[in-house]
Amino acid sequence: MAMTMAEKILARASEARSLAAGEYVTATADRIMAHEAFGACARTLLQLGITRLFDPDRVVVILDHYFPAPTPAAAGIHRVVRQLAERFGIRHFLSHAGICHQVLSEWGYILPGHLVLGTDSHSTTYGAFGAGGTGIGLTEMSYVLATGELWMQVPPTIRFELVGEQSVGLMSKDIVLHIAGAFGTEVAQYRAIEFAGPVADRMSIASRMTMSNMGVELGAKFAFFVADEQTLAYLRERTDERLALFGPDPDATYAGVHEVDVNDLEPQVACPHNPGDVKPVSQVGDVGVDQAFLGSCTNGRLEDLAVAAQILKGRKVHPGTRFLITPASQQVYLEATAAGYIEVLLEAGAHITPAACGACPGAHMGVLGTGEVCISSTNRNFRGRMGSPEADIYLGSPATVAAAAVAGRIVDPREFWTETTLS
Amino acid sequence: MENIIRGRVWKFGHNVDTDVMAPWSSLGQPWEERRKLVFHIRPEFVEQVRSGDIIVAGRNWGCGSSREHAPENLKRLGIAVVVAESFGRIYFRNSVAMAFPNIVCPGVHDAFDEGDEMELDLATAQVRNLTRGVELQGHPYASEMLSILEKGGLLNVLRERLAGQSEK
Ligand code: SF4
């Protein structure tokens, strides 16, 4: 039977020959990711008398949500995680290499066709590599660490065919925000997404990661791109594992197919307090910003910093605005430094922080105060997400964030980013 | 697990996210501190909610993060069940794992006012507004999920599994 990417992955993971949407399976994870949550999960297992994991080599543990620790309690959790990772024999303990999704991707831990379970809702990011990544909570993760297995319902899949020409100044973030606005944040609830079409095929790996990342903001369980030659080339530099192209069968069954035309699409902004409250930037109105934040697993990669550097080159951050930049990983930070972006950004007056989740979840390094306004390259603008419940968060592309940092208010980034400044 | 639930309704709108149910600042705090920080969109709810109360919500209740403190906090507040038009799927899964019931019921948001009495049969997902005398049909849990709920959550399933292994 012809299968979607989700059906293929869950069929293999549950040793079924073929599967259709709606069926329940017990699936075994190929890769298991836990961040700071590993501490609580491992403690639960010890309380149950479990001292050995199903397969420690499938597990990756990393500290990202609040590194460097902002409080003694946070430092204590990090300490416990380090001790328990050692006790349970975790070889892939990545310490403070950056944000989980970025680091697992750039270190070649995510392979096409694999089922990846993580203690983080943005595990959908792994769909950019044709992997079935999805987020689970602590209780389910404890179960998975012990058994390798989890019950899953095979999701129906919807396809977004991305067509047209992506104009200069329009980023993949704008496209995914546009989808959230036009189709709603429940369009993929209890479903998987396949992003396809010529625009998806041409997109960089980093840009695909942005869209798969925000798949969860559309409700999705998985948010795939086909694993193509570009994917394999990216992974070949990072792993010795055997790699193969991976996509759906040509005549697979979809619950819906939506065409999204990116021609003439304006940069998009999600307004407070929901990622689905999206407007073209020209209709957002006059919004001054106290903080512009560039970072997170959505948009803290090299291409994002490159765009910011292009926009900030020869300009200054607006005196009424602070521009915080948190590279998504140490590797991104290093590459951005080597490329000269960091120097440009510092000269313009931006503040660069160590690689971590940073201001995104409101845990450290840039929380918002009451009455403040932030334009952010992250994925969620829920009330209180970045600090005070009385702060307003707008979401935009790295270009929109960088342009706002210069203008001190939300503006169309194409005013600052012309064909000639694009390298 | 008690199948028939009866209680007073608190009503919420659409897209109430897990950052509202469990803000970052509340994570890891002792319950008495946490209680003051959760559901900051409606402080009177946290002050007045009683054990056995029911939440009726609109679409996408629990969208957002995978933090299971969201259903945990609802449990701690004494909420017996959430009945909503639809749920964020990770929240929904986490709730099954923690044996906290949630029922999908199209039309429920319009069928209840705050303070109405609800009676709900968890096994059949029949929802009744005793105040207005209307009845709605929700989506019953699939047997795969119901069995986890009935065992009191996924950790109990794991306990059983371990016990089974040690007997072999
Ligand atoms: S950067 Fe933000 S969204 Fe991404 S994993 Fe960290 S907290 Fe979650």
Side-chain angles (χ1 to χ4, degrees), chain A residues 24 26 37 44-45 47-50 65-66 71 73-74 77 118-123 134-143 146-147 150-153 155 184-186 188-191 216-217 219-221 273-277 361-364 367 380 382-390, chain B residues 14-29 37-41 43 58-60 63-72 85-100 104 142-145 147-148 153-159 161-163 165-166:
Chain A
Y24 285 85
T26 299
T44 299
L45 296 183
Q47 279 161 13
L48 290 170
I50 297 171
H65 272 57
Y66 37 90
T71 61
I77 293 173
T119 50
D120 190 279
S121 57
H122 292 100
S123 300
T134 199
I136 59 177
L138 302 181
T139 301
E140 292 199 319
M141 180 50 77
S142 304
Y143 190 89
T147 67
L150 196 62
W151 71 270
M152 299 229 131
Q153 189 180 17
T185 50
E186 280 195 285
Q189 195 66 268
Y190 310 119
R191 293 170 166 191
V216 71
E217 265 60 66
K221 179 180 212 144
H273 299 279
N274 192 278
D277 189 359
H364 67 154
V367 294
R380 286 184 180 143
F382 298 150
R383 189 184 274 282
R385 168 80 178 176
M386 298 175 78
S388 167
E390 307 309 326
Chain B
H14 305 300
N15 295 314
V16 179
D17 59 75
T18 54
D19 278 72
V20 161
M21 302 179 196
W24 189 279
S25 57
S26 73
L27 305 181
Q29 302 277 352
L37 297 165
V38 302
F39 285 95
H40 47 68
I41 51 169
R59 293 187 312 274
N60 218 9
C63 57
S65 143
S66 59
R67 56 186 79 160
E68 67 185 27
H69 313 76
E72 188 194 326
E85 302 282 336
S86 64
F87 291 90
R89 53 164 295 278
I90 305 181
Y91 161 92
F92 194 80
R93 281 195 75 103
N94 282 339
S95 299
V96 172
M98 305 177 80
F100 176 67
V104 179
S143 58
E144 286 80 359
M145 290 184 251
S147 78
I148 299 171
L154 199 60
L155 290 183
N156 283 348
V157 177
L158 184 55
R159 276 193 193 94
R161 198 169 152 152
L162 294 170
Q165 276 167 5
S166 59

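In what follows, every heavy atom counts, from backbone to side chain, and hydrogens, waters and symmetry copies are set aside.
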Count the heavy-atom pairs under 4.5 Å between each of B/Met98, B/Arg93, B/Arg59 and chain A, then report the option with the highest count.
B/Arg93
Of all of A/Ala363, A/Gly384, A/Gly387, which one pairs up most often with chain B through heavy atoms under 4.5 Å apart?
A/Ala363
Leading residue by heavy atom contact count with chain B [cutoff under 4.5 Å; candidates A/Leu48, A/Leu138, A/Ile136, A/Ile77]:
A/Leu138
Residue from A/Glu217, A/His273, A/Arg383, A/Lys221 scoring the most non-hydrogen pairs under 4.5 Å with chain B is A/Lys221
Return the set of residues passing side-chain hydrogen bond (donor to acceptor under 3.5 Å, both in side chains) with B/Ser65 (not counting sequence neighbours), or none when no residue passes.
B/Arg67
Atom CH2 in A/Trp151, atom CG in B/Leu154: separation rounded to 0.5 Å?
9.5 Å
Do the rings of A/His65 and B/Trp24 sit parallel, tilted or perpendicular, given the 30° and 60° boundaries?
parallel
Please classify the contact of A/Ala37 with chain B as side chain, backbone, both or neither, using a heavy-atom distance under 4.5 Å.
neither
Among B/Ser25, B/Gly88, B/Pro71, single out the residue with the greatest number of heavy-atom pairs under 4.5 Å to chain A.
B/Gly88
Chain B heavy atoms under 4.5 Å from A/Thr119: which part of the residue, side chain, backbone, both or neither?
backbone
Residue pair B/Ile90 / A/Val216: nearest heavy atoms and the distance that separates them:
CD1-CG2, 4.2 Å
Any donor-acceptor pair under 3.5 Å from A/Gln189 side chain to B/Arg89 backbone:
yes
Is B/Leu27 close to chain A through its backbone or its side chain, or both, or neither, when contacts mean heavy atoms under 4.5 Å?
neither
Side-chain heavy atoms of B/Asp17 within contact of A/Asn274, under 4.5 Å:
no
Rounded at 0.5 Å granularity, tell me how far CE in A/Met141 sits from CG in B/Asn94.
11.0 Å
What part of A/Met152 gets closer than 4.5 Å to chain B, counting heavy atoms only: side chain, backbone, both or neither?
both
Any heavy-atom pair between the side chains of B/Leu155 and A/Thr139 that's under 4.5 Å?
yes
Worked verdict on A/Tyr24 versus B/Ser143 for side-chain contact (heavy atoms from CB on, under 4.5 Å):
CA-CA 10 Å; A/Tyr24 285 85; B/Ser143 58; over 6 Å; no
Checking B/Leu158 against chain A: side chain, backbone, both or neither under 4.5 Å from a heavy atom?
both
Please classify the contact of B/Phe87 with chain A as side chain, backbone, both or neither, using a heavy-atom distance under 4.5 Å.
both
Euclidean distance, A/Tyr143 OH relative to B/Arg161 CZ, rounded to 0.5 Å
4.0 Å
Under the 3.5 angstrom rule, does the side chain of A/Arg380 hit a backbone N or O of B/Gly64 as a donor-acceptor pair?
yes
